Participant: 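Let me give you the structure first, and then I'll get to my questions.
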Amino acid sequence: MAPEVSPRRAKAVLVTLSLAAFAFITTELLPVGLLTRIAPDLDRSRSQVGLLVSGYAVVVVLASVPLTRLTQRIPRRQLLGVTMLLFAAANAAAALAQTYAVLAGSRLVTALAQALFWSVATATVIGPFPVAVRGRAVALFATGATLAPVLGVPLGTWLGQQAGWRAAFAVLAGVGLAIAAAVLVLLPSYPPAAGGAARGTAPDRRRFAVLLIATALGIGGFMTLQTYVTPFLLDVSGFADAVLAPLLFVSGAAGVVGTLIAARTLDTRPIASLLTPLSIGTASLLGLYALGALKPGVIALLAGIGLAYAAFGSAVQNRMLHLAPGSTDIASAGVSTAFNAGIAGGSLLGGALLPTSGARPLALAGGLLALAALTLLAVDARRSRIVGPEPTVARPPGSPAVTRRPGGQPDSAAVGKPSGTRPA
């Protein structure tokens with residue numbers, strides 16, 4: 001039997017792991033902002049430093065499921081605490097790195113830690129909350145990852161420019177230590193299978209497989225353009241270098257708004273919460289291809305892409321908690337793999353198209369991939385409605401969430417308050 005978790009403690013865990021997500025995404029993307037500092041200091045080309053980001057994603061793709069299977073029986077307090085300690089140690093090694101090989105090795109360790117973190121964190125942080133409000137909690141947890149490109153990477157880049165790129169990694173090491181301490185203090189210790197979100201609420205192996213394929217396609221579509229959005233804005237839209245940072249901030253800020261909007265719809269309309277942002281993203285990508293030279297339109301469409309990307313990511317995590325055919329940890333590892341496969345695939349596609357076709361076709365290619373994902377999910381939703389609706393597991397805010405205990409007795413939880421974590 002898992003211990004009861006008070007509402008205050010459950011919310012503190014949510015904030016702590018959201019900060020951990022913020023730290024991981026900041027670390028993953030930081031070499032992009034510090035590329036011009038790291039490359040000459042370690043006597044490497046900019047493309048070699050860029051491999052510190054793309055290689056990171058490949059490691060997450062390959063390691064997520066195997067690591068999650070190996071650690072399935074370890075209590076989550078110990079597992080996440082050690083994961084954050086590894087994060088801190090790897091960033092400390094990066095801060096001290098005098099060679100490219102040492103820096104690349106530290107990134108490998110950080111990527112392994114991130115692969116494990118994303119596989120177990122969602123179910124861990126959502127478990128103490130009633131089913132009826134878990135979508136809201138998913139979105140709030142995702143806010144940390146959404147804020148990383150908007151605040152974490154710019155702040156890390158600024159610090160690296162002022163005090164040297166190693167200082168940025170040293171600060172992240174300190175942040176990792178603080179989060180590890182908070183995890184070990186706040187997170188209750190119990191067997192993973194006893195967590196409140198250890199199993200999907202409406203398990204469906206076929207629909208979960210469709211979700212993974214659509215996730216890889218959709219994220220690949222976004223990243224085909226997003227990886228090379230700077231040359232698109234310069235060469236196609238004609239913006240000056242000086243306005244690139246504000247434009248990217250607009251996209252990132254829109255992502256925060258998208259996550260907050262998703263928090264209001266995930267519990268009551270999980271399917272629409274998947275299809276709507278993907279529709280907005282598809283329209284925005286195709287719109288950029290058609291209207292990429294019109295600067296006011298480009299700003300609006302760029303914001304649409306940022307909003308859609310963040311909201312879609314939250315919706316995928318929420319849907320995973322419904323459809324997971326077995327352990328939600330393994331299912332979350334599958335989602336993480338699909339996300340990073342989309343990131344790597346989109347980056348590779350964009351990199352292949354850019355030298356031969358220029359930046360403008362990247363928006364078209366990305367839009368077509370997003371459209372394929374949207375079509376796949378829409379057809380799946382329609383087919384499921386024809387076959388029969390899945391069991392209803394969430395209630396609108398304000399009405400009681402009623403589930404059944406193993407003995408058949410109803411178990412009501414007040415909406416909006418974390419419940420005690422119970423065995424699956």
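What you see is a predicted model, and the numbers here were worked out from it, not measured in a lab. Numbering starts at 1 and runs along the sequence shown. Only this structure's heavy atoms are used, side chains among them; waters, hydrogens and symmetry mates stay out.
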Participant: Please enumerate all residues that pass side chain to side chain contact (heavy atoms under 4.5 Å, CB included) together with Ala167, with sequence neighbours excluded.
Facilitator: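 So Ala167 forms a side chain to side chain contact (heavy atoms under 4.5 Å, CB included) with Leu159, Ala163.
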Participant: Is there a side-chain contact between Pro270 and His322, using heavy atoms and a 4.5 Å cut-off?
Facilitator: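 They are in contact (side-chain heavy atoms under 4.5 Å apart), so the answer is yes.
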Participant: Would you say Ser119's side chain and Thr68's backbone share a donor-acceptor pair under 3.5 angstrom?
Facilitator: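 Such a contact is absent between Ser119 side chain and Thr68 backbone.
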Participant: Between Gly292 and Ser237, what is the shortest heavy-atom contact and its length?
Facilitator: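 The pair with the smallest heavy-atom distance is O-OG, 2.7 Å.
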Participant: When rounded to the nearest 0.5 angstrom, what distance separates CG in Leu286 from CG in Leu371?
Facilitator: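 It comes to 7.0 Å.
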Participant: Apply the test side chain to side chain contact (heavy atoms under 4.5 Å, CB included) to residues Thr282 and Phe222: give CA-CA distance (whole Å), side-chain angles for both, the deciding distance (0.1 Å), then the verdict.
Facilitator: CA-CA 9 Å; Thr282 300; Phe222 284 114; over 6 Å; no
Participant: Between Val379, Thr276, Leu274, Leu275, which is the residue that forms a side-chain contact (heavy atoms from CB on, under 4.5 Å) with Leu374?
Facilitator: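 Exactly one pass, corresponding to Leu275.
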Participant: Is there a donor-acceptor contact under 3.5 Å linking the side chains of Gln226 and Tyr309?
Facilitator: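 There is no such pair (donor and acceptor under 3.5 Å, judged by atom type) between the side chains of Gln226 and Tyr309.
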Participant: To the nearest 0.5 Å, how far apart are OG1 in Thr265 and CZ in Arg136?
Facilitator: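 Those atoms lie 11.0 Å apart.
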Participant: Only one of Gln72, Arg76, Arg69 clears side chain to side chain donor-acceptor pair (under 3.5 Å) with Asp329; which?
Facilitator: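 The residue from Gln72, Arg76, Arg69 that satisfies side chain to side chain donor-acceptor pair (under 3.5 Å) with Asp329 turns out to be Arg76.
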Participant: Let me check something: any side-chain donor-acceptor pairs from residues 57-67 under 3.5 Å, sequence neighbours excluded? List them with distances.
Facilitator:
unit_1 : atom_1 : unit_2 : atom_2 : d
Ser64  : OG     : Val60  : O      : 2.6

Participant: Would you mind reporting whether Pro277 and Leu307 have side-chain heavy atoms less than 4.5 Å apart?
Facilitator: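 A side-chain contact is absent here, since even the closest heavy-atom pair is not under 4.5 Å.
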Participant: Check residues 336-348 and write down every donor-acceptor pair under 3.5 Å in which the side-chain atom is one partner and the other belongs to a residue at least two apart or another chain.
Facilitator:
unit_1 : atom_1 : unit_2 : atom_2 : d
Thr337 : OG1    : Ala333 : O      : 2.9
Asn340 : ND2    : Ser336 : O      : 2.9
Ser347 : OG     : Thr227 : OG1    : 3.0
Ser347 : OG     : Ile343 : O      : 2.8

Participant: Ignoring hydrogens, what is the shortest heavy-atom contact between Val153 and Leu30? Give both atom names and the distance.
Facilitator: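 In terms of heavy atoms, the two residues are closest at O-CD1, 4.1 Å.
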Participant: What residues form a salt bridge (Lys or Arg N to Asp or Glu O under 4.0 Å) with Arg166, not counting sequence neighbours?
Facilitator: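 Residues passing salt bridge (Lys or Arg N to Asp or Glu O under 4.0 Å) with Arg166: Asp41.
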Participant: Locate the shortest heavy-atom distance separating Gly287 from Leu301; write the atom from each residue and the value.
Facilitator: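 Reported closest heavy-atom pair: C-CD1, 3.5 Å.
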Participant: At what distance, to the nearest 0.5 angstrom, does CG of Leu116 lie from OG1 of Thr71?
Facilitator: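 That separation rounds to 4.5 Å.
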Participant: Is there a side-chain contact between Gln114 and Phe87 in this structure, where contact means two heavy atoms from C-beta onward sitting under 4.5 Å apart?
Facilitator: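 Side-chain contact under 4.5 Å: no.
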Participant: What are the two closest heavy atoms between Ala168 and Gly156, and how far apart are they?
Facilitator: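 Ala168 and Gly156 have their closest heavy atoms at CB-O, 3.6 Å.
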Participant: Work out which heavy atom in Leu369 is nearest to a heavy atom in Leu217; give both atom names and the distance.
Facilitator: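 Scanning both residues, the minimum pair turns out to be CB-O, 3.7 Å.
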Participant: Would you name the heavy atoms of Met320 and Thr328 that are closest together and state the gap between them?
Facilitator: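 The answer is SD-O, 3.8 Å.
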Participant: So Val236 and Val298, side chain to side chain contact (heavy atoms under 4.5 Å, CB included) or not? Walk me through it.
Facilitator: CA-CA 10 Å; Val236 179; Val298 168; over 6 Å; no
Participant: For Leu52 and Tyr100, what are the C-alpha separation, side-chain angles and deciding distance, and is it a side chain to side chain contact (heavy atoms under 4.5 Å, CB included)?
Facilitator: CA-CA 10 Å; Leu52 296 174; Tyr100 180 82; 4.0 Å; yes
Participant: Looking only at atom types and distance, does a side-chain atom of Arg9 sit under 3.5 Å from a main-chain N or O of Leu186, one as donor and one as acceptor?
Facilitator: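 The answer is yes, because a donor-acceptor pair under 3.5 Å joins these two groups.
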Participant: Could you grab the distance from atom CZ of Phe117 to atom OG1 of Thr122, nearest 0.5 Å is fine?
Facilitator: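 The OG1 atom of Thr122 is 8.0 Å from CZ of Phe117, to the nearest 0.5 Å.
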Participant: Any sub-3.5 Å donor-acceptor pair from Ser106's side-chain atoms to Ala97's backbone N or O?
Facilitator: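 Looks like no, no N/O pair under 3.5 Å.
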Participant: Once salt bridge (Lys or Arg N to Asp or Glu O under 4.0 Å) is applied, do any residues pair with Asp380, and if so which ones, sequence neighbours excluded?
Facilitator: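 So Asp380 forms a salt bridge (Lys or Arg N to Asp or Glu O under 4.0 Å) with Arg206, Arg207.
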Participant: Checking Thr143 side chain against Ala139 main chain: does a donor-acceptor pair fall under 3.5 Å?
Facilitator: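 Yes; at least one donor-acceptor contact below 3.5 Å.
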Participant: Nearest 0.5 angstrom please: Leu80 CG to Leu184 CG, how far?
Facilitator: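 The CG atom of Leu80 sits 9.5 Å away from the CG atom of Leu184.
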Participant: Give a yes or no answer on whether the side chain of Asn91 reaches the backbone of Val171 with a donor-acceptor pair at less than 3.5 Å.
Facilitator: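 Side chain of Asn91 to backbone of Val171, a donor-acceptor pair under 3.5 Å: no, none is there.
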Participant: Considering only distance and modelled atom types, tabulate donor-acceptor pairs under 3.5 Å from the side chains of residues 18-27, sequence neighbours left out.
Facilitator:
unit_1 : atom_1 : unit_2 : atom_2 : d
Ser18  : OG     : Phe141 : O      : 3.2
Ser18  : OG     : Gly144 : N      : 3.1
Thr26  : OG1    : Phe22  : O      : 2.7
Thr27  : OG1    : Ala23  : O      : 2.9

Participant: Do Leu285 and Leu362 touch side chain to side chain, with heavy atoms closer than 4.5 Å?
Facilitator: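 No, too far: nothing below the 4.5 Å cut-off.
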Participant: Kindly check if the number of other-residue, nucleotide or ligand heavy atoms within 6.0 Å of CZ (Phe239) is above 12?
Facilitator: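 Counting neighbours around CZ of Phe239, more than 12 heavy atoms of other residues, nucleotides or ligands fall under 6.0 Å, so yes.
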Participant: Under the criterion side-chain contact (heavy atoms from CB on, under 4.5 Å), which of Ile261, Thr259, Leu140 is the partner of Ser314?
Facilitator: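 The option that passes is Thr259.
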Participant: Could you tell me whether Arg360 sits above the aromatic face of Tyr289, with NZ or CZ closer than 6.0 angstrom to the six-membered ring centre and within 45 degrees of the axis?
Facilitator: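 Because its charged atom sits under 6.0 Å from the ring centre and within 45° of the axis, Arg360 does stack over Tyr289.
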Participant: Before giving the answer on side chain to side chain contact (heavy atoms under 4.5 Å, CB included), spell out for Leu302 and Val229 the whole-Å C-alpha distance, their side-chain angles and the decisive distance to 0.1 Å.
Facilitator: CA-CA 9 Å; Leu302 201 62; Val229 69; 3.9 Å; yes
Participant: Donor-acceptor pair, distance only, cut-off 3.5 Å: does the side chain of Arg134 make one with the backbone of Phe129?
Facilitator: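 Yes, the answer is positive, given that a donor and an acceptor are paired below the 3.5 Å cut-off.
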Participant: Between OG of Ser332 and CG of Leu321, what distance do you get to the nearest 0.5 Å?
Facilitator: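 Answer for the OG-CG pair, Ser332 versus Leu321, is 8.0 Å.
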